[in-house]
Amino acid sequence: MENHYNPKDVEAKWQSFWQEQQTFRASEDRSKKKYYLLEMFPYPSGRIHMGHVRNYAIGDVAARFKRMQGFNVLHPMGWDAFGMPAENAAIEHGTHPAKWTYENIDSMRRQLEKIGLSYDWKREFATCDADYYRWEQLVFLKMFEKGLAYKKGSSVNWCDDCQTVLANEQVEDGCCWRCHNPVEQKELEQWFFKITDYADELLECADNLSGWPERVLAMQRNWIGKSYGCEIVFTVADSSQQIKVFTTRPDTLFGATFMSLAPEHPLVETLVTEEQRAAVSQFMEEVAGQDKTARISGDLEKKGVFTGSYCLNPLTGQKIPVFLANFVLMDYGTGAVMAVPAHDQRDFEFARKYGLSLQVVIQPEGEDFVAEQLTEAYTGSGVLVNSGQFDGLDNEAAKEKIAEYLDSRGEGRKTVNYRLRDWGVSRQRYWGTPIPIIYCDSCGAVPVPEKDLPVKLPMDVELTGEGGSPLAKHQEFMQVACPKCGQPARRESDTFDTFVESSWYFARYACPDYQDGPLDKTAANYWLPVDQYIGGIEHAVMHLLYARFYTKILRDLGMIDVDEPFTNLLTQGMVCKETQRCSEHGWLYPEQVVDGKCVLCQRPVSFGRTEKMSKSKKNVIDPNQLIEQYGADTARLFSLFAAPPEKDLEWNEQGVEGCSRFLSRVWRAVSDNLDAIAAADMATEVSGEAAELKRKIHQTIKKVSEDIDGRFHFNTAIAAVMELVNAIYAFKSTANNPGIMREALETVVRLLNPFVPHICEELWQQLGHTDGIEAAGWRAGMTRRWLPMK
RNA sequence: GCGAGAGUGGCGGAAUUGGUAGACGCGCUGGUCUUAGGAACCAGUGUCUUUCGACGUGGGGGUUCGAGUCCCCCCUCUCGCACCA
């Protein structure tokens, strides 16, 4: 047989067809309903990996499906191009980050093109283009004007390996999210975005994001960490100084028998008495010596030290000792905790350790707690006792009453507290967006005038990797006249966190060439919000929270009219593969294992676990090789068929073979029947076997449509088409029913098109159609009479 | 500890609202065609049982004519957060 399936030729043919025809260009066609589909854009590392293939294949199914359904689909692609790897590569190989980045972009674009993704490449941009970041600088100036961007000195997370500051969201288990080095604390002046102003709105809107996985919303809620409580003022004994605490349990205030401060609390210095100074210093040294990871890892013993000072319980008037405690955190609440040992487990342990007194103030029904006999704190509900005028109240009611009472005496007020901190955006790195600020000795921090934007990143910079902002050493860049007074001044040498760029790129795709501002409001309002966003779960509280925040900023600056950037979110699982390990030689490549033994030492190999593909585990499949061997359609099909999109996908070579076999089967089904159905017309009356096939055809159309649309059950959609193909092979009366066979074949080709577009375009053409397959549409066209062949 | 989710054949996974559990694929078994088969096609493949049949969705109870699915209790695993006051 002559007509064999040759993926390489077919794919090259249709990829150039799409390019020539500009099949996937999008415009603001208001006669159709818009559908904005977006996958998280990649960092241009230079090589695509299977995670990219899966992510973009998932998105491409939705894009092609929606287009066939008649939607006006926007499906853009670009590059998250600023960041550390470019700088590191520059230091290592002596190339310039810009050269490295743009070369990688070219190479990755070529690799992506081989997958046959239906992007509107005309809208492509890289975030390191001055045409992009200039608008980010402009937005910053507007934020600065409104007080939403500000500079302050504070203790910040420092990664010594990356030589830069990190936002709280970028610290995982006390380590840098990128390089996993332990993070230190450092006192630095930094720029911040006031995300805390939006904490409530970010929380409230989360309740309406019904198209988001609950898991992601829960993580964001947790991260924002809103808790209702009370701020209470304790006056220091024999002093006018005051210590503020935040508590969610004002009902236990009568049981507060001591006070715990964070070792970093600003009042520590003035509270420490002469007798206690030595003990406190020793304690402080001990705390400072503990590295942050150990402190975070949990089971740290509760320790503290008496300051020598006392403060007054505002309700009892009792003098209570002020301690420093290692478990009190300066960056949560006020850095001071009123300790109620009878009703808080940590305070209980602390009190027992240091012989401090306990007072029971909550008594549940049927119990009679006595302070001396408690073996653990009672944290449940009950009725107030030992609480003066509040005795007998239910503790929930008492929270209100005591808060009101304190408020009336100016000693406290109801308040809410958030775990969320403002977003620190300064980075002491070169390859990023320069922060458009000028420091003048007489005028202070002066914004760069809008007309002087962009503040371009200079290209002739020396990168040594020895620390300090590289831009600070660039005299020409740094020296500038103050825009206000004209005196010599210096530029800000820090750059933005690269998460700032990714916080609004989705909006810029609506108008990538717009020259009069960050966004063409008409275009942005037409396309936004993104109808379907697809990407990894790892950005649940970084990118996805920042992008929501930034969208609200752009809205409040009057640049767009949407509240939320992404209506529906799909978090796809990782691509995993079995690892193999030798006790002597570590991780092994598959070809280093023969008969379950290590080829280097003949020791038996331990059956590795299935883990995320990574170079270090030697379990990576290179998509380029895969495409070379099987073709892009097979690579796409496997990554869509082997698991539902949101689950982890286990790589399986035989599964890939199976998908390749299926495509050959589809190809053969068409070519074997081409002659028989050449003159076929639609069969209106069918019976017996033909009627059964007809039913199967239409059941499959329904099933595939429902599985793709909104549910993203691609694996079952593909399974349904496989069933139809099986039915085609089982169908024996084509000679009598050429029409029904044609209908069956055309249905298969059309239903598979979103998944494996190259082979489908080709077969569609072989079936006698001259327009591209997307023009045929999805459902309406399915039952329509086909065009006669030639 | 708090929050989210998951436990189904040898494996990946189906079963939209309670209605034939195991679709589809991989693997495996047998067959056809072949010089050959690691191609293609056909048949079979949850477990136990010679058969009839019985049993089967982590374990235990319950609701129901009917439960993988709903309710209660327990076990295990994954992910996220965590001295959060």
Side-chain angles (χ1 to χ4, degrees), chain A residues 1 4 169 171-174 213-227 229-232 245-250 252 256 259-262 295-304 325-340 343-350 377 379 417-420 537-538 540-541 571 573-574 576 578 610 637-638 640-644 646-662 664-665 668 672 700 702-703 706-707 709-711 713-726 729-730:
Chain A
M1 200 172 296
H4 272 304
E169 290 81 3
V171 180
E172 296 172 347
D173 292 331
E214 187 52 41
R215 186 156 73 117
V216 175
L217 294 175
M219 279 160 81
Q220 292 206 353
R221 284 194 198 101
N222 196 319
W223 188 259
I224 294 168
K226 183 178 188 175
S227 56
C230 207
E231 198 175 81
I232 302 176
V245 303
F246 171 77
T247 180
T248 55
R249 295 295 303 272
T252 63
M259 169 77 71
S260 307
L261 302 188
R295 195 170 162 182
I296 277 168
S297 69
D299 316 318
L300 201 67
E301 195 192 348
K302 286 172 188 45
K303 276 189 178 171
N326 62 352
F327 62 86
V328 180
L329 307 172
M330 195 55 223
D331 52 9
Y332 183 79
T334 62
V337 180
M338 69 174 207
V340 185
H343 303 291
D344 180 283
Q345 188 59 25
R346 288 157 302 170
D347 296 342
F348 179 85
E349 287 167 30
F350 197 86
T379 55
N417 187 58
Y418 299 92
R419 212 185 75 105
L420 182 72
I537 185 80
E538 66 272 17
V541 281
T571 49
M574 296 180 301
C576 301
E578 190 176 66
T610 297
L637 189 66
F638 178 74
L640 296 164
F641 177 63
E646 64 282 354
K647 281 190 82 166
D648 286 351
L649 181 154
E650 196 183 326
W651 197 261
N652 175 338
E653 197 62 33
Q654 281 139 352
V656 179
E657 293 276 358
C659 287
S660 171
R661 212 177 298 158
F662 170 68
S664 300
R665 223 166 120 77
R668 245 179 311 113
D672 287 358
T700 308
K702 182 169 193 284
K703 168 82 177 151
E706 288 171 359
D707 277 353
D709 209 4
R711 298 203 333 149
H713 287 199
F714 298 152
N715 54 334
T716 53
I718 293 164
V721 182
M722 286 174 171
E723 281 187 64
L724 180 55
V725 171
N726 291 344
Y729 271 82

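Owing to the predicted nature of the structure, the values given are computational and were not obtained by experimental measurement. Below, each value reflects all heavy atoms present in this structure, side chains not excepted, and no hydrogens, waters or symmetry copies. Naming: A, B, ... by sequence-line order, numbering from 1 per chain.
- Here the nucleotide nearest the side chain of A:R661, chosen from B:A40, B:C24, B:C84, is B:A40.
- In the set B:G3, B:G5, B:A14, the nucleotide with an atom closest to the side chain of A:T716 is B:A14.
- The interatomic distance linking A:N326 (CG) with B:A85 (C1') rounds to 14 Å, in whole Å.
- Between the side chain of A:D648 and the main chain of A:G573, no donor-acceptor pair closer than 3.5 Å is present.
- Note: CD (A:Q345) to C1' (B:A82) measures 16 Å, nearest angstrom.
- Using a 4.0 Å heavy-atom cutoff across all strands shown, A:P213 reaches no nucleic acid atom at all.
- Summarising the base pairing, B:A15 is matched to no nucleotide, lacking a Watson-Crick or G-U wobble pair whose two defining distances lie under 3.5 Å.
- Residue-level contact check: A:N726 touches the backbone only, with heavy atoms under 4.0 Å from sugar-phosphate atoms and none from bases.
- Here the C1' atom of nucleotide B:C42 and the OH atom of A:Y729 are 13 Å apart, to the nearest Å.
- If A:P644 and A:K302 are placed on RNA chain B by their nearest nucleotide, the residue sitting closer to the 5' end is A:P644.
- A:E349 has no carboxylate O lying under 4.0 Å from a charged side-chain N of A:K303, or vice versa, which leaves the two without a salt bridge.
- Atom OG1 of A:T379 is separated from atom NE2 of A:H343 by 10.0 Å, given to the nearest 0.5 angstrom.
- At the heavy-atom level, A:K647 lies under 4.0 Å from the strands shown only through sugar-phosphate atoms.
- Residue A:R215 is in sugar-phosphate contact alone, with no base atom involved, counting any heavy-atom pair closer than 4.0 Å across all strands shown.
- Taking the side chain of A:E214 as heavy atoms from C-beta on, and the options B:C24, B:C41, B:G5, the nearest nucleotide is B:G5.
- Taking the nucleotide of RNA chain B with the nearest heavy atom to each of A:K703 and A:A336, the more 5' of the two is matched to A:K703.
- Computed from coordinates, the A:H4 NE2 to B:A40 P distance equals 11 Å when rounded to whole Å.
- Phosphate contact (OP1/OP2 of B:A14, side-chain N/O of A:N715, threshold under 4.0 Å): present.
- For A:N222 and A:R419, the side-chain atoms include no donor-acceptor pair closer than 3.5 Å.
- Taking every side-chain heavy atom of A:M722 into account, B:G25 is the closest of B:G25, B:C26, B:C83.
- For A:N417 and A:S227, the side-chain atoms include no donor-acceptor pair closer than 3.5 Å.
- A glycosidic torsion no more than 90° from 0 defines the syn conformation, and B:G9 adopts it.
- To the nearest angstrom, P of B:C11 lies 15 Å from CD of A:Q654.
- Closest contact between the side chain of A:E650 and the listed nucleotides B:G80, B:C83, B:G12 involves B:G12.
- Summarising the base pairing, B:G5 is matched to B:C77 through a Watson-Crick or G-U wobble pair whose two defining distances lie under 3.5 Å.
- A straight line from CG of A:L724 to P of B:G25 spans 12 Å, rounded to a whole angstrom.
- Using a 4.0 Å heavy-atom criterion, one finds that A:F662 contacts no nucleic acid atom at all.
- In this structure, A:R665 reaches the B:C41 phosphate: one of its side-chain N or O atoms is under 4.0 Å from OP1 or OP2.
- Without hydrogens or angle criteria, A:Q220 side chain to A:A540 main chain gives a donor-acceptor distance under 3.5 Å.
- Proximity note for A:R346 (side chain, C-beta onward) versus B:A85, B:G80, B:C42: the nearest is B:A85.
- Base pairing of B:U32 is made with B:A40, judged by Watson-Crick or G-U wobble geometry with both donor-acceptor distances under 3.5 Å.
- Across all strands, A:N222 comes closer than 4.0 Å to base atoms (heavy-atom distances).
- Regarding contacts with the backbone of B:A82, a side-chain N or O of A:R419 is found under 4.0 angstrom from either OP1 or OP2.
- Nucleotide B:U64 has no partner under the Watson-Crick or G-U criteria, as no pair reaches both atom distances under 3.5 Å.
- Under the Watson-Crick or G-U wobble criterion, with both distances below 3.5 Å, B:G46 is paired with B:C55.
- Minimum atom distance to the side chain of A:H713 is reached by B:A15, of the listed B:C24, B:A15, B:C26.
- Checking B:C26, B:G12, B:G5 against the side-chain heavy atoms of A:F641 singles out B:G12 as nearest.
- Here B:C83 sits opposite no nucleotide as a Watson-Crick or G-U wobble pair (both hydrogen-bonding atom distances under 3.5 Å).
- Between B:A4 and A:R221, no contact under 4.0 Å exists linking OP1 or OP2 to a side-chain N or O.
- Base-pair partner of B:G22: not found among the strands shown (Watson-Crick or G-U wobble, both distances under 3.5 Å).
- Rounded to the nearest 0.5 angstrom, A:M219 CE and A:I224 CD1 are separated by 12.5 Å.
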